[in-house]
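Lettering of chains follows the sequences in order, A, B, ..., and the numbering in each one begins at 1. Everything numeric here is computed off the predicted structure, so don't read it as measured data.
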Amino acid sequence: MNDDDLLRYGRHIMLPEIDFEGQKKLLAAKVLIIGVGGLGSPVAIYLAASGIGEISIADHDIVELNNLQRQIAHDEKSLGQSKVSSCANRMNAINSKINIIQLDIKLSGEQLLSSVAKADIVVDCTDNLKTRFEINRACVQQKKWLVSAAAIRWEGQISVYHCGNKDSPCYHCCYGLRESGSKELDQTCSTNGVLSPVVGVMGSMQAIEVIKLIIAKGDLLVARVLLFDALSMQWESMQLPKNPDCPVCGQVQK
Amino acid sequence: MNITLKCFAGLKRHLPAHAKANQAEVEVDAGISVYQAIDHFNIDREEAYLVILNGVFVCPPDRDTMILKENDTLALWPEVAGG
């Protein structure tokens with residue numbers, strides 16, 4: 001770290017849990033953020049500002065006017081641009097020292113697996129169950145940490161999955177039966193609405209868990225889901241046991 | 001027997017009139033299962049996807065066989081997947 005780095009990250013370095021060594025770990029970390037919409041915007045902005053050394057951002061959408069109510073990485077000047085390039089511009093304006101990898105594609109199949117393999121931590125900021133199931137499978141297969149949050153209407157939830165650890169539950173342990181259930185898998189913000197700052201709260205908490213993972217400090221939301229009801233301003237903590245019969249993580253050996 | 005029923009988000013409409021904030025003490029028949037309790041309050045099983053008994057997620061296959069006990073707390077949330 002040079003003098004500028006010490007000045008830039010000074011408020012982190014003052015924290016005894018981070019210090020120089022922790023900030024060096026952040027500068028050396030590789031994080032993949034999938035989806036740079038409502039959740040992904042605060043995640044990308046906070047992780048860029050925090051000095052995560054390499055951040056890959058994946059999204060295949062373009063910025064539309066109805067995104068600007070909550071997707072704070074984008075602005076009126078980026079309407080019509082790809083979300084990835086708009087978000088990268090915002091991140092670069094905050095911190096030009098970090099490496100930003102732009103994946104302007106619908107990350108799936110082999111491309112998803114190889115992108116997950118290259119990352120230390122995967123952050124799921126997508127907007128639908130189908131994609132969430134695929135990301136979870138890729139993280140279990142590649143034995144990667146998955147920091148997952150979701151938001152809709154006035155509600156949010158967040159958890160951290162230690163994919164590849166034989167004792168840790170995965171996303172499928174919680175929502176698995178939804179994949180084959182009778183109800184449609186389209187509970188998205190575009191069909192149900194979402195309060196703008198709810199995605200900010202949940203995305204900011206994802207960024208916190210990513211940083212704690214990298215510096216290996218604090219208690220992570222592993223095997224625990226936090227649920228947030230903004231309308232009544234209530235939080236609920238839910239223990240999530242591993243499902244030994246889970247078709248995705250039930251056979252993991254480590 | 002009495003249990004505490006907690007309903008969040010859109011499920012709050014299923015709470016009885018005497019509920020305070022998101023929860024109410026309610027009386028149910030002894031020996032009923034988690035799903036029977038959810039049915040008792042006319043709550044859609046799929047809408048209340050996240051079922052939490054005394055702070056622990058109840059996997060859907062266990063909801064027919066897991067029996068409620070006096071003073072249990074049953075919390076219900078809808079699924080959340082957007083972003």
_Minimum heavy-atom distance between C59(B) and C173(A), given as atom pair plus value_ = SG-O, 4.4 Å
*asked:* Are the side chains of F8(B) and Q234(A) in contact, using a 4.5 Å heavy-atom criterion?
replied: yes
*Measure L231(A) against the heavy atoms of chain B and call it side chain, backbone, both or neither at under 4.5 Å.*
neither
_Part of N243(A) within contact of chain B (heavy atom distance under 4.5 Å)_ = side chain
*Picking from N54(B), I52(B), V58(B), which has the most non-hydrogen pairs under 4.5 angstrom with chain A?*
I52(B)
*Taking atom OH of Y35(B) as the centre, report whether more than 12 heavy atoms of other residues, nucleotides or ligands fall under 6.0 Å from it.*
yes
*Answer yes or no: is there a side-chain heavy-atom contact under 4.5 Å between L240(A) and V56(B)?*
no
*Picking from S232(A), G203(A), A230(A), G156(A), which has the most non-hydrogen pairs under 4.5 angstrom with chain B?*
S232(A)
*Do other residues, nucleotides or ligands put more than 12 heavy atoms under 6.0 Å from the CG atom of N66(A)?*
yes
*Does the side chain of L50(B) reach to within under 4.5 Å of the side chain of Q157(A), using non-hydrogen atoms?*
yes
*Option in G40(A), G35(A), C174(A) with maximal non-hydrogen atom pairs under 4.5 Å from chain B*: C174(A)
*asked:* Taking V80(B)'s backbone N and O only, do any of them form a donor-acceptor pair with Y175(A)'s side chain (distance below 3.5 Å, no angle check)?
replied: yes
*asked:* Given 3.5 Å as the limit, does a donor-acceptor pair link the side chain of R132(A) with the main chain of G82(B), or not?
replied: yes
*asked:* Does R137(A) have more than 12 heavy atoms from other residues, nucleotides or ligands lying within 6.0 Å of its CZ?
replied: yes
*Heavy atoms only, distances under 4.5 angstrom: which of V198(A), V199(A), V225(A), T126(A) has the most pairs with chain B? Name it, please.*
T126(A)
*Specify the closest pair of heavy atoms between E79(B) and R153(A), including all atoms of both residues, with the distance to one decimal.*
O-NH2, 3.8 Å
*Given side chains that start at C-beta, do those of F57(B) and Q239(A) come closer than 4.5 Å, heavy atoms only?*
no
*Heavy-atom closest pair, residues D229(A) and A9(B)*: OD2-N, 3.0 Å
